[in-house]
A.B. asks: 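Just dropping this structure here.
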Amino acid sequence: MLDVKYLRENIDQVSQRLSLRGEKVDLSRFMEIEEHRRSLLVKGESLKSERNKVNDEIARLKKERGDTTGLISRMKGVSDEIKKIDGRISEISEELEGIVSFIPNIPHETVPAGMSDKDNIEVRKWGALPAFDFTPVDHADLGEKLGILDFARGAKLAGARFSLSVGAGAQLERALINFMLDLHTTEHGYTEVLPPFMVNSKTMTGTGQLPKFAADLFKVAETDYWLIPTAEVPVTNIYQDEIIEEEDLPIYRCAYTPCFRKEAGSYGKDTRGLIRQHQFNKIEMVKFTRPEESYRELEKLTDNAEEVLRRLGLPYRVVVLCTGDLGFSSAKTYDIEVWLPGQNSYREISSCSNYEDFQARRANIKYREKGKKGTRLVHTLNGSGLAVGRTAVAILENYQRADGSVEIPEALRAYMNGRTSIP
RNA sequence: GGAGAGAUGGCCGAGCCGGCUGAAGGCGCUCGCCUGCUAAGCGAGUGUAGGGGGUCAACUCCUACCGAGGGUUCGAAUCCCUCUCUCUCCGCCA
């Protein structure tokens, strides 16, 4: 959520920056309502001020057994008036809230302008693409032949976009989870957390999934619980409604969770294999930082995610998302794309974003500057480190051999009881 | 799921037969004084948010907030209702 005060004082500048997203945002209605809200606020507050003064007077008169009937009947009217104005204010605030919560974040000045993912810019590339002396197959075929992925039975259990991992397939995912968590906690300075996989509406709103993206989420019937689409949601909201001491910043958290997404609107896309599932495993890194440091921290965060791929020997590239492809809450995002021989293309495996104070304002996460009074909003960042299912896909496809077996990357063997290949 | 108790400022803890209580007292913290150092002692300060005024950082005034939301009342931390959470006991359960 953007700052209402900042918004009204920089209305032209903001709408110009937002137009780079290709998003049509009508800010005139916002200005109109905001002006109205403030004028009512002033009126209501001055009436309250009067009421408070007269109430003191009534209390004093009562003590002295004076006559208060005139004052009380006058205040009856004032009270009614206040009630009316407060009612109007809450109506208007609600509408205002509705408008503001649908306005996306302002792209950072270093974000390239562009309309779609075609305009994203590659910033670096790592690793040599594997050279096969046979035609590589995709992970779905490979996994089914190896008996480690069972899509038919996954669909039987739950439906389309669900799968069942078996034997070394299940072990591979578990190994990746442990490998990634160990790397981030022992070498990158993150503290591991294991959060709830369901959260309430307030928490979903704090990170920006609600109210705009309810259609992408699974909700548990007859409760206020939502299945998390990413660990970003519970982990960022750990500090919801809190004030952090400056010396505790930056805070690094990482978490393994399953993620649940409806994938509405992706019909016909990635219907094969593990690429796009309703449920998938992910390791997420989350940071809370001082505003001055957030962009430096974004670079480090992205590098932490890349390190996972380097250790696993998986070729990748990093792209910076253009203004038109940027997520709703993000000010700047790097996508890391891993090479998939089965698709002969790079596919997203991590998304690392700086939300600046957009989520912090919604979730009300602040910090107190040492030696200064007042509080400031923290900056929040997060990135996948990495999507586990897609990492498994990348390993199967990049490490496949002519006989249909798959080599296990060196770094992972200790996590798989020394196994060097599947089978 | 059933019965009961509770939720007050960074923390502890009064107030709860309605009216100078943003909130006693204590602890903590900050600044100053005192003191060879430390400790003790003395003095002052110490929440968040929104808004108005302003030679618009540091000034000033106002409003709101005692778990959340609603109600009664001229006036609610105090009375009533609903909800959430915590604790104790019972039941159930991995």
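These values consider heavy atoms only, across backbone and side chains, with no hydrogens, waters or symmetry-generated copies. Order of the sequence lines sets the chain letters (A, B, ...), proteins ahead of strands, with each chain counted from 1. Keep in mind that what you see is a predicted model, and the values were worked out from it rather than measured.
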A.B. asks: Given C74(B), A64(B), G50(B), identify the nucleotide with an atom nearest to the side chain of L41(A).
C.D. replies: G50(B)
A.B. asks: Does E50(A) or E9(A) map to a spot on RNA chain B nearer the 5' end, using the closest nucleotide for each?
C.D. replies: E9(A)
A.B. asks: NA contact type, K366(A), heavy-atom cut-off 4.0 Å: base, sugar-phosphate, or nothing?
C.D. replies: sugar-phosphate
A.B. asks: From the set G50(B), C74(B), U48(B), return the single nucleotide nearest to any side-chain atom of I58(A).
C.D. replies: C74(B)
A.B. asks: Can you confirm if the NZ or CZ of K287(A) lies within 45° of the ring axis of Y252(A) and under 6.0 Å from the centre of its six-membered ring?
C.D. replies: yes
A.B. asks: What contact category does S73(A) fall into here, base, sugar-phosphate, or nothing, at under 4.0 angstrom with non-hydrogen atoms?
C.D. replies: nothing
A.B. asks: Look at the side chain of K83(A) and decide which nucleotide, out of U72(B), C74(B), U48(B), has an atom nearest to it.
C.D. replies: U72(B)
A.B. asks: What about E45(A), does its side chain sit under 3.5 Å from the base of G50(B) through a donor-acceptor pair?
C.D. replies: yes
A.B. asks: Among G52(B), G19(B), C74(B), which is the nearest nucleotide to the side chain of I72(A)?
C.D. replies: C74(B)
A.B. asks: Can you tell me the pairing partner of G18(B) across any strand shown, Watson-Crick or G-U wobble, with both distances under 3.5 angstrom?
C.D. replies: none
A.B. asks: Specify the separation, in whole Å, of atom CZ of R368(A) and atom P of U30(B).
C.D. replies: 14 Å
A.B. asks: Starting from C1' on G50(B), measure out to CZ on R8(A) and report it in whole angstrom.
C.D. replies: 10 Å
A.B. asks: Does H379(A) have its ring centroid less than 6.0 Å away from the ring centroid of Y295(A)?
C.D. replies: no
A.B. asks: If you check every side-chain atom of R51(A), which of U63(B), G19(B), G75(B) has the closest atom?
C.D. replies: G75(B)
